[in-house]
Amino acid sequence: MVSVNRRVVLLGAAAMAGAPSFDRVQAQESRTRFSLPPLPYPPEKNEPYIDAQTMLLHHDHHHAGYLNNLNQAAATEGGDWANNPLQEILANLSQVPDPIRTTVRNNGGGHANHSMFWEVMGGPGGRPGGELAQAIDRDFGGFEKLQATFNETAAKIFGSGWAFVTVSKDGMLALTTRPNQDTPLMEAMAVLFGNDVWEHAYYLKYQYRRPDYLKAWWNVVNWDKIAERYAAAKTGHLAI
Ligand code: MN3
C-alpha cells in the first residue's frame, strides 16, 4: 500500500514536471552546451562480441555522465573556452579556467573519446580497403601486424585508458595510448580510431579477460566509417 501511494505521488510529480514553461526549456538549453550523440545503431548491433547491456550502460550512463559533468563545468565557469568546438577546447586546455580544467580534461576527453568510439563500431569487421589499407601496410607492415601490435599494446595499458591510431594531415598513421580519458586531441593530433580499455567497456562479458575483448572487438569495426575519417583527416575536416 505504501509503495502504491508513493507511486501515485511520483506520477503526480512527473506529470507536473512534464509540462515545463517555454522559459524553462530555453533556460535548460542554454545550460546544456554539449549534447549526447545517439548511438548510431541499436545496442544489440555488436552482439555477440559486445553485449547490448554493455553498449547501453556505456552510452546511456558512462558517456552521459561525462557530458553532465562537462555541461556543469560550462555552466559554472562559462566563458570563451566553452564556445569553441570540443577538439579546440581539448587542444587548448591551458585556456580553460583553473578551477575546472581537470574536470574539462577528464570529461571533455571522455565525451570526445566515446563520440569517436560509437562511430567506428557497429560494422561488420573484416578488412580495410583502398588507400587506408595501403597506409596500414606502409606504417604497420600489414593489417595483421596492426591488429597484433594494437592488441598487445592495449592489453598492457595499466588501469584505465585507450589505445588509438592517430592520423596526420599527410595520412601517416601511428599507434599510441593514453591513460584515463586523455586523447591525442590534447596535443592537437587527429584520432583515426581507438578502443576503450576501461573495465566498463568489457567487464560484463569478458571479466578480467581484456585480451579476449580486444581480439573480439575487430569483428565490429566499421571500416567504411574509418575510411571516411581517414579522408576527412587528410583534408583537415576530421573533428573528433
Ligand atoms: Mn568508456
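Counting starts at 1 for both ligands and their atoms, in listed order.
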Can you tell me if Q181 and Y66 form a side-chain donor-acceptor pair at under 3.5 Å? yes
Among N, O or S atoms, D196 approaches the Mn ion (ligand 1) most closely through OD2
Check your understanding: Does H63 put an N, O or S atom under 2.8 Å from the Mn ion (ligand 1)?
Key -> no
Exercise. With the threshold set at 4.0 Å, does a side-chain nitrogen-carboxylate oxygen contact exist between R127 and E144?
Worked result: yes
Kindly indicate, with the supporting measurements, whether the criterion ring-ring contact (aromatic ring centres under 6.0 Å, His included) is fulfilled by Y230 and W223.
CA-CA 10 Å; Y230 185 70; W223 287 112; over 10 Å; no
Among the N/O/S atoms of H114, the Mn ion (ligand 1) lies closest to NE2
Would you say the ring centroid of W118 lies under 6.0 angstrom from that of H58? yes
At the Mn ion (ligand 1), NE2 of H200 and NE2 of H58 open up to roughly (10° bins) 90°
